[in-house]
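Hydrogens, waters and symmetry mates play no part in the numbers below; they use all other heavy atoms, side chains included. Each chain gets a letter, A, B and so on, in the order its sequence line appears, and its residues count up from 1.
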Number of protein chains: 2
Amino acid sequence: MARRSGSHSNITGPRIREAAAVLFARDGYAAVSMRQIASAVDVQVGTLYLYTPDKQTLLFDLMRSHMEELLDAWFSLPKMKLPLDQLENFCRFHIAHHLERMDGTFISYMELRNLEPQNHAVVADLRGRYEDELEAILKSGVTSGQFTVPDTRLATMALIAMLTGINTWFRSDGRLSCERVTETYWSMVRQLVGA
Amino acid sequence: MARRSGSHSNITGPRIREAAAVLFARDGYAAVSMRQIASAVDVQVGTLYLYTPDKQTLLFDLMRSHMEELLDAWFSLPKMKLPLDQLENFCRFHIAHHLERMDGTFISYMELRNLEPQNHAVVADLRGRYEDELEAILKSGVTSGQFTVPDTRLATMALIAMLTGINTWFRSDGRLSCERVTETYWSMVRQLVGA
DNA sequence: GTCTATAGAAAGATAGAC
DNA sequence: GTCTATCTTTCTATAGAC
């Protein structure tokens, strides 16, 4: 099985990141060894250190790029005019984006405490920006009278927890399709904001 | 600092469990060593093994007792007649109970994957029973026409994720008191179920 | 660019003294 | 009931051969 020597610099890096993501999501950062990652990529341990200075940086890169990809994807969507349309947009986007990236999402919610302070600050800041996007929608809906929300910050946290929670139980071979789940959650979100 | 010999069998066990809970919640099960736990309790490593056969069992005991305590506390509450009152009861109970047990709650949501299959099944079953309690309330509310909920199972998962999510950001010295948060969330829950 | 080999630290768990 | 000492395994990370 073991491949012996050869040049793969252009693909080994991404494969290491992908394998690390899968393993971190399944077993947790602290429980996964560099040997396991190397084994999954079918290289020796030492090879990993050509692509990352250490294990912590590997985790940080995964989490930062997950959050940056999330923000980029959101900002690339066309902006709606009405707060209700914006909220629907956000809701559908959030569910689809996260269900398509289950490993990255799981890591981003579970491994915050394993980031060193400096790295934690970067990821927390990115997450804050995403939360601010939802809160801005809620605020505009409250201002325009379309939403009835007692506290936009709490509603933001409630909605994100509720929507991201789908990832903890959703199975693509389960009772409900992604589309069906999305419709159901959107109708609950609409009721929650009093629209 | 180090205490040398002495009889404390009646208190050392609970102190080990408490110290383990704090450390597991803060750093994660896999990242905490038995030496760290021993150090926090101010005993030597070997002593821990008089109170637990191994590290896995220590985690399992914490998680199982957390879930059993949750169920016991819920079943000891007086039952309400109307679904809306039952839901309010559940909502207030859930928030208060979990905010008073932040470490245990954190562990129960983060460390499921670190339980060995047999232990995982026990904890998952207990959690399922708790979810069933909420779903029964939602079903009765839908049947009686007081609630408008498209799917009681999804609403159950949505509500529990939303309510438990409070634990991830709540700080007792923050902007909002526990009471204020509870009122705000209850009003959002009421809207979510269309009551 | 990847390998083999290993240094050095730390982990879980146990044996036997007191 | 607790400690000291240690066995055995595993870990992250590095050095140098190919």
Worksheet item: Once each nucleotide of nucleotides 6-12 of chain C is scored for protein heavy atoms under 4.0 Å, what B/S/- sequence comes out, 5' to 3'?
Response: -----BB

Considering just the side-chain nitrogens and oxygens of [X], establish if one lies under 4.0 Å of OP1 or OP2 belonging to [N].
X	N	value
T12(B)	dT2(D)	yes
Q44(A)	dT4(C)	yes
Y51(B)	dT2(D)	yes

Item to complete: Would you please classify the geometry between the F93(B) ring and the W74(B) ring as parallel, tilted or perpendicular, with 30° and 60° separating the classes?
Response: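 Rings of W74(B) and F93(B): tilted, 30 to 60°.
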
Mind calculating the distance between [atom1] ([X]) and [atom2] ([N]) to the nearest angstrom?
X	N	atom1	atom2	result
Q56(A)	dA13(D)	CD	C1'	15 Å
I37(A)	dT10(D)	CD1	P	17 Å
D42(B)	dC3(D)	CG	C1'	12 Å
L23(A)	dC11(D)	CG	P	12 Å

Discussion item. Per the salt bridge (Lys or Arg N to Asp or Glu O under 4.0 Å) rule, what does the pair list look like for residues 79-94 of chain A, sequence neighbours excluded?
Written reply: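 Residue pairs with at least one partner in residues 79-94 of chain A: E88(A)-R92(A), R92(A)-E183(A).
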
Worksheet item: In the hydrophobic clustering (ILVMFWY, side-chain contacts below 4.5 Å, transitive), which residues join F106(B), or is it alone?
Response: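 Answer for F106(B): F106(A), M110(A), M110(B).
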
Side-chain polar contacts of residues 160-170 of chain A - donor-acceptor pairs under 3.5 angstrom, sequence neighbours left out - could you list them?
{"unit_1": "T164(A)", "atom_1": "OG1", "unit_2": "H94(A)", "atom_2": "NE2", "d": "2.9"}
{"unit_1": "T164(A)", "atom_1": "OG1", "unit_2": "I160(A)", "atom_2": "O", "d": "2.7"}
{"unit_1": "N167(A)", "atom_1": "ND2", "unit_2": "H98(A)", "atom_2": "O", "d": "3.1"}
{"unit_1": "T168(A)", "atom_1": "OG1", "unit_2": "G165(A)", "atom_2": "O", "d": "2.6"}

Worksheet item: Can you list the residues that meet the side chain to side chain contact (heavy atoms under 4.5 Å, CB included) rule with L176(B), with sequence neighbours excluded?
Response: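 L176(B) satisfies side chain to side chain contact (heavy atoms under 4.5 Å, CB included) with D151(A), L154(A), R180(B), V181(B) only.
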
Item to complete: For the side chain of T47(A), starting at C-beta, report the closest nucleotide among dC3(D), dC3(C), dT2(D).
Response: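 Comparing dC3(D), dC3(C), dT2(D) against the side chain of T47(A), the answer is dC3(C).
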
Name the atoms and distances for all side-chain donor-acceptor pairs under 3.5 Å in residues 115-126 of chain A, with sequence neighbours left out.
{"unit_1": "N119(A)", "atom_1": "ND2", "unit_2": "Q56(A)", "atom_2": "OE1", "d": "3.0"}
{"unit_1": "D125(A)", "atom_1": "OD2", "unit_2": "R129(A)", "atom_2": "NE", "d": "3.4"}
{"unit_1": "D125(A)", "atom_1": "OD2", "unit_2": "R129(A)", "atom_2": "NH2", "d": "3.2"}

